[in-house]
2 protein chains.
Amino acid sequence: MADHSQSVDRITVSASTTPKIKDVARVAGVSTATVSRALSKPDSVAANTRQVVLDAARVTGYRINQAARNLRQQKSGAVVVLVPNLGNPFFSQILAGIESTLAKRGLSVLMVDTKQSELPSEYLHHSRADGIIALDGSLPGTLLAEIQSGIGTPPIVFACEWDPDDMFPSVRVNNRHGAALAIEHLVELGHRNIGYVGGPPANVLTGARLEGVQRALQANNCAVCEQWLFQGDFSLQSGAHVAAQWLAMDNRPTALFCANDEMALGVISHLHRSGVNVPRDLSIVGFDDIDVARFFLPPLTTIRQPRSKLGTESADLLMEKLEHGLISDSRSETVLPVEMVVRQSTARIAN
Amino acid sequence: MADHSQSVDRITVSASTTPKIKDVARVAGVSTATVSRALSKPDSVAANTRQVVLDAARVTGYRINQAARNLRQQKSGAVVVLVPNLGNPFFSQILAGIESTLAKRGLSVLMVDTKQSELPSEYLHHSRADGIIALDGSLPGTLLAEIQSGIGTPPIVFACEWDPDDMFPSVRVNNRHGAALAIEHLVELGHRNIGYVGGPPANVLTGARLEGVQRALQANNCAVCEQWLFQGDFSLQSGAHVAAQWLAMDNRPTALFCANDEMALGVISHLHRSGVNVPRDLSIVGFDDIDVARFFLPPLTTIRQPRSKLGTESADLLMEKLEHGLISDSRSETVLPVEMVVRQSTARIAN
DNA sequence: TTGTAAGCGTTATCAC
DNA sequence: GTGATAACGCTTACAA
């Protein structure tokens, strides 16, 4: 006598179109509701029914239609990640951290480059995304207001420096402290004339790290010389440009703290070609500890930032918000530690 | 007498829930069908009606519900991008190219890290994605079969080296040619003993570039020495490891072609610390021309690959497939040019 | 435990 | 040019 699974197998399914729950139901000989339950809440259905349904789903090649489920459940199953510049490798590890964490929970990751596309406003609707992770604070104020109103917008988490008394949850590192560590390291090596290479002036990181620099310099009774505050744009090229400026100066600082590693490497590279030796003639400290930092020549002294963890923590924080609903107080701030990594681009000052 | 827009403004809308088309219709005094048309096909509606609807939409703060639209239109408005390793900065520029191109057409980008999440099978359903871009060829055969059947799966484009007689469209660079360029450059500098540093053996890039190396060596009557075929994993660290192996050899090659820039930099870095000078004692060629290559010390000679263009072209190709439907023959292959970039990590052989 | 049936918010078809 | 209405494929009260 033929067992059940065989009789199921024998039913021919028209393969011209993608099978729907209705088709599975017909093959399994149950209602669509039962199929739905068997697939999404297996425990709510009898064991043998479940097996019949699963077999039928396999036989028909059934795949759930996400759009239909999303509409019905009023969710999107996705989180949108706002990246200032996808092409910047600095973000790749953060993104990897976010992706792995969200993927574990079955959420998909929608990436939006805020530099390129002008209007991510549509993404901030909960029919598009169940949540938002923003990797920088430079979002248009109108969008922020929209998010803040919280009317049709999903919860947001900032994975970056952000206005401290703001009302959005965030995961970040202490940039002021990191910058101060860099300055203190240089002071310990005997430097008193210390310059700072920032990114774009409007950038929050530029500002926060500059603050740390200024505080630390003052705390150590070092002059804060306007002329030694250089402006880059976080690129290698801009670092090289700063190096050229430094070369042209009468009154040079003996050490430079750069707001990121790329600029630091750009400085070293340009100086080396001009016959200036780092660290002998100038000490350089970077920020981030990108992969290539420890392989550069000389290996770069820098402030390490846990990029992958920034990603995983911000994703975790967002999911907490998602699960607890908006009920839990939305204010919360995780500050991850930075770490001084001393290599060979800094040296005791010659005298 | 109050004009229309004012009377519209005066209507109070309950803000407790996000407005739907029905609400806009009520405010505008038209049917839901007209609202839908006015918003998505403005030309199909009378000018003044359109204005009334747009005003009503603005007043109510209406945002389209993507889930509903997706279900109705049987599209997802998204493209899924399969990335072998999101944390690898090499991909970031490709991703940026993909994102910018797709964003222009109103498509969103779903990123999936194929190394981390085991089962992206669900993503290959057209209720999830209208199309797929794969950044490497190492997808499970079962998935490929599924895609190939084309039953419920969207069109796919490979942005990578791929089996030449395969049936999927692809955008790639000529890796064999690039590798050959590197070898020829070294041969011109007088090198006869040339080694190759590959990535993981199973990797398609490793294989393709190795082929190019072997052909070029043979064409130039150079020995292909098994011992000089090193194995790395594309990381800086693995480059350093290869350098250590090279140092320990009796019979050293005088030049090394590395399958990517990171490994090349790792080699140089390690050698330099061991007192070996590049290019004096060993010439090094990389592949990719990552940003830091030209700022390294010495600046790296390498084969440039147009990463951003790989992204934009693959996205363009995919959209072509999307618009022309599956009718157009799916076989097609775009090969982008690579370029030899001579810097200072290679030199004429000493004798 | 299972079936029935009412939506989720849009858009496409068909009248008018 | 516009309005009524029937899907799109799924989930979930509610009933049985």
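Chain letters run A, B, ... following the sequence lines, proteins first, then strands; residues in each count from 1.
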Practice task
Report yes if a side-chain nitrogen or oxygen of A/Thr34 is closer than 4.0 Å to either non-bridging phosphate oxygen (OP1 or OP2) of C/dT2; otherwise report no.
Solution key: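 For C/dT2, OP1/OP2 do not have a side-chain N/O of A/Thr34 under 4.0 Å.
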
Practice task
Please check the phosphate of C/dA12 (OP1 and OP2 only) for any side-chain N or O of B/Gln73 closer than 4.0 Å.
Solution key: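 B/Gln73 to C/dA12 OP1/OP2: side-chain N or O found under 4.0 Å.
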
Any side-chain to backbone donor/acceptor pair from [X] onto [Y]? Under 3.5 Å, distance only.
| X | Y | answer |
| --- | --- | --- |
| A/Lys41 | A/Leu39 | no |
| A/Glu99 | B/Asp113 | yes |
| B/Ser76 | B/Asp130 | yes |
| A/Thr101 | A/Gly97 | yes |

Scan the side chains in residues 312-319 of chain A for donor-acceptor partners under 3.5 Å anywhere in the protein, sequence neighbours excluded, and list what turns up.
residue  : atom : partner  : partner atom : Å
A/Thr312 : OG1  : A/Lys309 : O            : 3.1
A/Ser314 : OG   : A/Leu310 : O            : 2.8
A/Ser314 : OG   : A/Gly311 : O            : 2.9

Fill in the blank from the handout: With the side chain defined as heavy atoms from C-beta on, B/Ala33 is closest, among D/dA4, C/dG9, D/dC10, to D/dA4

Handout entry: Nearest listed nucleotide, side chain of B/Ser31, among D/dG1, D/dG3, C/dT11
Key =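 Minimum distance to the B/Ser31 side chain belongs to D/dG3.
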
Taking [atom1] from [X] and [atom2] from [N], how many angstroms apart are they, rounded to a whole number?
| X | N | atom1 | atom2 | answer |
| --- | --- | --- | --- | --- |
| A/Asn65 | C/dC8 | CG | C1' | 13 Å |
| A/Arg50 | C/dT1 | CZ | P | 10 Å |
| B/Asn70 | C/dG9 | CG | P | 14 Å |
| A/Gln74 | D/dT12 | CD | C1' | 13 Å |
| A/His125 | C/dG9 | NE2 | C1' | 11 Å |
| B/Arg69 | C/dT10 | CZ | C1' | 8 Å |
| A/Arg63 | D/dC8 | CZ | P | 22 Å |
| B/Lys20 | C/dG7 | NZ | P | 14 Å |

Exercise for the section: Answer yes or no: side-chain N or O of B/Arg72 and base N or O of C/dT10 forming a donor-acceptor pair under 3.5 Å. Expected result: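 Checked by distance alone, the answer is no.
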
Exercise for the section: Drop me the distance from A/Ser31's OG to A/Ile21's CD1, to the nearest 0.5 angstrom. Expected result: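 Going from OG on A/Ser31 over to CD1 on A/Ile21, the span is 9.5 Å.
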
Practice task
Using salt bridge (Lys or Arg N to Asp or Glu O under 4.0 Å) as the criterion, list what pairs up with A/Arg63, not counting sequence neighbours.
Solution key: B/Glu146

Handout entry: Set of residues satisfying salt bridge (Lys or Arg N to Asp or Glu O under 4.0 Å) with respect to A/Arg72, sequence neighbours excluded
Key =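 Partners of A/Arg72 by the salt bridge (Lys or Arg N to Asp or Glu O under 4.0 Å) criterion come out as none, since no residue qualifies.
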
Fill in the blank from the handout: From the list A/Leu54, A/Asn48, A/Val52, A/Val53, side chain to side chain contact (heavy atoms under 4.5 Å, CB included) partner of A/Arg50 resolves to A/Leu54

Exercise for the section: Using heavy atoms and a sub-4.0 Å distance, could you list which residues of residues 36-47 of chain B are near DNA chain D? By number, please. Expected result: B/Arg37, B/Val45, B/Ala46

Practice task
Mind checking A/Thr49 for me? I need base, sugar-phosphate or nothing, with any heavy atom below 4.0 Å counting as a touch.
Solution key: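 The answer is sugar-phosphate, as A/Thr49 gets under 4.0 Å only of primed atoms, P, OP1 or OP2.
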
Handout entry: Difference in axis direction between the ends of the helix from C/dT1-D/dA16 to C/dC16-D/dG1, five pairs, 10°
Key = 30°

Handout entry: Closest-nucleotide 5' rank along DNA chain D - winner of A/Thr32 and B/Thr32
Key = B/Thr32

Problem - salt bridge (charged side-chain N to carboxylate O under 4.0 Å, His left out): pairs with one or both residues in residues 27-40 of chain A, sequence neighbours excluded - result: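 Listed by first then second residue: nothing to list.
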
